[in-house]
Number of protein chains: 2
Amino acid sequence: MELTERQQEVLDAALALLVERGEAPTMNAVAERASCSKETLYKWFGGREGLLTATVQRQASQVQGLPVPESGVDEEVLRTSLVQFARNWLRTITGEASIALNRLAVGEAGIEGRALGRIVLENGPLAMRRRLEPVLEAGRDAGLLDFADSEEAFRVFFGLVVRDTQIRLLLGDAKRPSRQAIDDHAVQATAQFFALFGADHRGADGRRRKT
Amino acid sequence: MELTERQQEVLDAALALLVERGEAPTMNAVAERASCSKETLYKWFGGREGLLTATVQRQASQVQGLPVPESGVDEEVLRTSLVQFARNWLRTITGEASIALNRLAVGEAGIEGRALGRIVLENGPLAMRRRLEPVLEAGRDAGLLDFADSEEAFRVFFGLVVRDTQIRLLLGDAKRPSRQAIDDHAVQATAQFFALFGADHRGADGRRRKT
DNA sequence: CGGGCATCGTACCGTACGTTACGGTACTGC
DNA sequence: GCAGTACCGTAACGTACGGTACGATGCCCG
């Protein structure tokens, strides 16, 4: 859906309220915050459901970015890509807006007919996977990585990067990691991933190699 | 809080409704399902908040179990403990009730004054950590593991075990792993953990060793 | 047997909120 | 100038739901 400037402002207001109050804002609250009439909200977004969906969709689609090389990778480039990826991802999921959005989406995901969970899932973990797997496969093609199943490799990387950070934040743990901690951990998680899947190390672990 | 048989039935009804409908049940619905009067609900649990809290608390406290040896461990015992731990944890978080409960807790975690998020956090990730860290430290004391920070080690183990499984399920991904897949992965995650933190391997990775 | 107690079923109250309706205002094109 | 359009502000409607009140029913205990 194409959005005018004014409509974006409305969604900004909705998101701000969502972050502040911790729950889906009421139509009244959005209208007041955005200084628009409720009738306009209904005209533009169809109703509460549409308004929240539009809010989530716009924010979720902004998680994009960070194009990664898929050909001609060497160890340095691959490592840097993964570190950047990890850092970027951690910054995203520890952000206030992302936490609020994920809480909303998770809270609704069990209800028949609601789309927020699907949207966040598609633009979150699944989008990360779609963008990362080609990178991993390029690394394998270049002889830098060694794994049989790229989905498995992705999931391990995800686990090493995210660990218990996201679920703890979603459950209300107040301790958000600092910028520095995130940067450090991005490097560390990437190193651990290389330790498990780097082609230059012997496989002294439980992963399945190609052979 | 001590709970009578009848009160447990009421909480069973509340949990069943929560799982079925995907959202917190109404007081009317619980009363009808449990064949009790609303007045009784308010008398027993104080109100909606108390009822939901009691429901979550009871279920969350059942995640206990699996005592693990902390002294005299050898490699086999330690490995088995970790595999069991991983398997147990994965079965829990992929269960229908756990998913519904976590959705409820996450959805409320951002709202001032709600306790569900804290309860699930305490009985979930934090409880896992409290029970696992002594095991890891026992493994280190026995010369089987090598890490500087037991919290770090725990978090890596958590990541290797849970990966993106939980967040995807919470967001509504329908593909729950089979029993077999869980068992297999518990073994694999443990092997990967040993590859990173086993004392008998050289550290060709990014973790910090004691020295 | 009879009074107290716990619980059920149901009716009721107040409020929050999604949704709709409508009058008023500014801007645009003819 | 004037119709048409878009939007704002506010009032009103309907419903869902948390919470309360109350009579009816069964049970325990003296």
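Residue numbers start from 1 in every chain, and the chains themselves are labelled A, B, ... in the order their sequence lines are given, proteins ahead of strands.
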Using whole Å, report how far CG of A:L41 lies from P of C:dA21.
16 Å
Of the listed nucleotides D:dC8, D:dC7, C:dT7, the one nearest the side chain of B:K43:
C:dT7
Whole angstrom is fine here: how far is it from CD in B:Q7 over to C1' in C:dT7?
12 Å
Residue pair B:F147 / B:R140, side-chain heavy-atom distance below 4.5 Å
yes
Would you say B:R168's side chain and B:R176's backbone share a donor-acceptor pair under 3.5 angstrom?
no
Rounded off to whole Å, could you give me the CD-to-C1' distance for the B:E49 and D:dG19 pair?
14 Å
OP1, OP2 of D:dC7 versus side-chain N and O of A:S37: anything below 4.0 Å?
no
Measure from CD on A:E32 to P on C:dC17 and round the result to the nearest Å.
12 Å
Okay, side chain of A:T55, backbone of A:L51: is any donor-acceptor separation there less than 3.5 Å?
yes
Atom-to-atom span, CD of A:E9 to C1' of D:dA6 - whole angstrom
15 Å
Sorted by chain and number, sequence neighbours left out, side-chain hydrogen bond (donor to acceptor under 3.5 Å, both in side chains) with A:R179 holds for none
Would you please say whether a donor-acceptor pair under 3.5 Å links the side chains of A:Q8 and A:D12?
no
What are the atom names and distances for every N/O pair under 3.5 Å that joins the protein to nucleotides 16-18 of chain D?
from   : atom 1 : to    : atom 2 : distance (Å)
D:dG18 : OP1    : B:R48 : NH1    : 2.6
D:dG18 : OP2    : B:M27 : N      : 2.9

Within the 4.5 Å heavy-atom criterion, are B:D164 and A:V162 side-chain neighbours or not?
no
Under 4.0 Å: is that the gap between some side-chain N or O of A:W44 and OP1 or OP2 of D:dC7?
yes
